[in-house]
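To keep things clear, I will list the structure first and then write my remarks on it.
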Amino acid sequence: MTHAWFKTTLAIAVATASCQLMANGLAINEQSVSGMGTSFAGRSSSAQDASTVFGNPAGMSRLQRAEISGGLAAIWADTDIDASAANTAPGTNKGDIAPDAQVPFAYYVRPLDDKWHFGLGLYVPFGVISDYEKSFQGRNHGLYSKVQVTTLQPTFSYRINDRVAVGFGPTINKIDGKLTSNPMHSLVPEAQVRIKGDDIGYGYNLGVLVDVTDRLAWGLSYRSKVDYELEGTIRFSDFPAIPGLTPDNGRFNGSLDFTTPESVDTSVTYQANDKWTIYAGSTWTRWSRLKEIEAVYATGSVGEELNWKNSWAHAIGVAYQLNPALVLRAGFALDASPTTNEHRTVRIPVSNRKIYSLGAGWNIDADWTVDVAYAYVKESKGRVDQEDQTPLAQNYSAQYSNSAHGLGVQLTHRF
């Protein structure tokens with residue numbers, strides 16, 4: 001039984017967690033509030049400020065002066081759980097598993113000459129939290145999960161000619177993960193497994209931006225995969241005296257190979273006239289890298305199937321220049337889930353999403369701009385049918401309904 005608990009916890013320590021942020025799977029979209037207002041349509045073709053370091057590094061070539069952009073997006077999520085009457089384990093299903101979250105970001109860009117720009121970005125590309133009540137009926141499958149990736153990206157762009165620019169930046173990524181579960185709660189209510197691990201991985205972000213005409217721009221950006229080998233500890237607490245759990249007070253060293261997926265974003269920005277600008281874009285993410293993962297521990301290794309699939313997100317947006325100082329924005333996006341009813345778990349109960357957003361940008365003067373945005377996320381209902389991997393056979397079935405509100409603010413200073 002010891003190995004069964006180990007298999008079902010360490011193997012999913014980092015790859016399965018859930019928080020209703022504005023992108024599906026483990027990804028986060030909140031790296032720019034100016035982009036949030038149009039549901040991130042035009043992310044790779046519209047270089048509005050220094051946050052283009054993330055959206056498309058080639059866009060830095062459009063910035064005429066040095067500038068700093070920083071901001072914060074706050075997320076309030078809601079989850080309703082309709083548990084099946086067929087569940088045999090005792091417990092509750094209160095829902096509201098995602099605590100309030102804040103996603104900060106900061107960017108700096110400066111021209112080096114008429115061809116080259118340098119930029120630096122600090123942001124969170126992946127980050128998820130799920131926190132069930134201690135009495136959760138499915139807590140043998142998951143109780144608390146937290147995963148966060150923080151990225152530092154130095155970047156250069158080069159303007160090839162008046163129409164075409166390219167950009168490239170390596171990424172330095174720090175991942176931290178924590179997971180808890182209660183695999184034998186029907187026998188020992190206080191028994192828990194706690195897992196923590198971290199690592200640093202390296203990748204890159206590159207892009208191209210083309211002014212097709214004076215009014216139409218096309219952009220393409222690519223974010224690479226990043227490989228991690230998380231090393232940390234697994235601790236068994238309040239378990240009965242079972243062989244294999246007594247050495248070192250039930251604490252073991254373990255590691256987990258994990259890869260965050262690559263993604264491609266392409267978009268167009270069309271300035272219809274002096275008032276209206278139209279944005280459209282699509283993002284492809286290679287979530288199929290999470291088909292399975294392998295955990296390694298003292299006595300061997302084990303694989304865990306996830307069976308995630310590649311997914312697409314599509315967005316459209318508009319901006320209206322009300323006057324020289326104020327621009328209004330709106331957007332809509334469809335974001336497909338990487339998982340299905342067959343493979344969805346209590347840690348990742350995400351489904352297909354619709355995202356509605358509104359935003360505004362106010363040029364206080366030539367040097368200062370404030371952007372604000374609001375987004376509402378509504379997910380399709382998703383089914384969880386999860387089998388217990390231990391001899392206790394406490395299966396869990398429920399229907400999840402997720403939604404979220406997001407509010408962001410960003411300040412840009414040019415000098």
dist R223:CZ -> E262:CD (nearest 0.5 Å) comes out at 12.0 Å
Between V33 and L72 the two heavy atoms that sit nearest each other are CG2-O, 4.3 Å
The side-chain hydrogen bond (donor to acceptor under 3.5 Å, both in side chains) partners of D227 (sequence neighbours excluded) come to T259
Residues passing the ring-ring contact (aromatic ring centres under 6.0 Å, His included) test with Y279, sequence neighbours excluded, are none
Applying salt bridge (charged side-chain N to carboxylate O under 4.0 Å, His left out) to R215 and not counting sequence neighbours gives none
Sorted by chain and number, sequence neighbours left out, side-chain hydrogen bond (donor to acceptor under 3.5 Å, both in side chains) with D96 holds for none
Of all heavy-atom pairs linking F136 and G142, the shortest is CD2-O, 3.6 Å
Taken in chain and number order and not counting sequence neighbours, the residues that satisfy side-chain hydrogen bond (donor to acceptor under 3.5 Å, both in side chains) with Q31 are none
Of T88, N140, N93, the one forming a side-chain hydrogen bond (donor to acceptor under 3.5 Å, both in side chains) with Y396 is N93
Sequence neighbours excluded, the answer for side-chain hydrogen bond (donor to acceptor under 3.5 Å, both in side chains) partners of S32 is S34, S51
Residues at least two apart in sequence or cross-chain that pass side chain to side chain contact (heavy atoms under 4.5 Å, CB included) with S380, listed by chain then number, are S351, N352
So salt bridge (charged side-chain N to carboxylate O under 4.0 Å, His left out) across residues 39-63, not counting sequence neighbours, yields R43-D265, R62-D211
For the residue pair V370 and Q410, establish whether any side-chain heavy-atom pair is separated by less than 4.5 Å. no
Salt bridge (charged side-chain N to carboxylate O under 4.0 Å, His left out) pairs touching residues 267-277, sequence neighbours excluded, are none
Residue set satisfying side chain to side chain contact (heavy atoms under 4.5 Å, CB included) with W368, at least two apart, ordered chain then number -> I364, D365, L411, H413
The side chain to side chain contact (heavy atoms under 4.5 Å, CB included) partners of Q399 (sequence neighbours excluded) come to D82, K381, R383
By ring-ring contact (aromatic ring centres under 6.0 Å, His included), Y228 pairs with (sequence neighbours left out) none
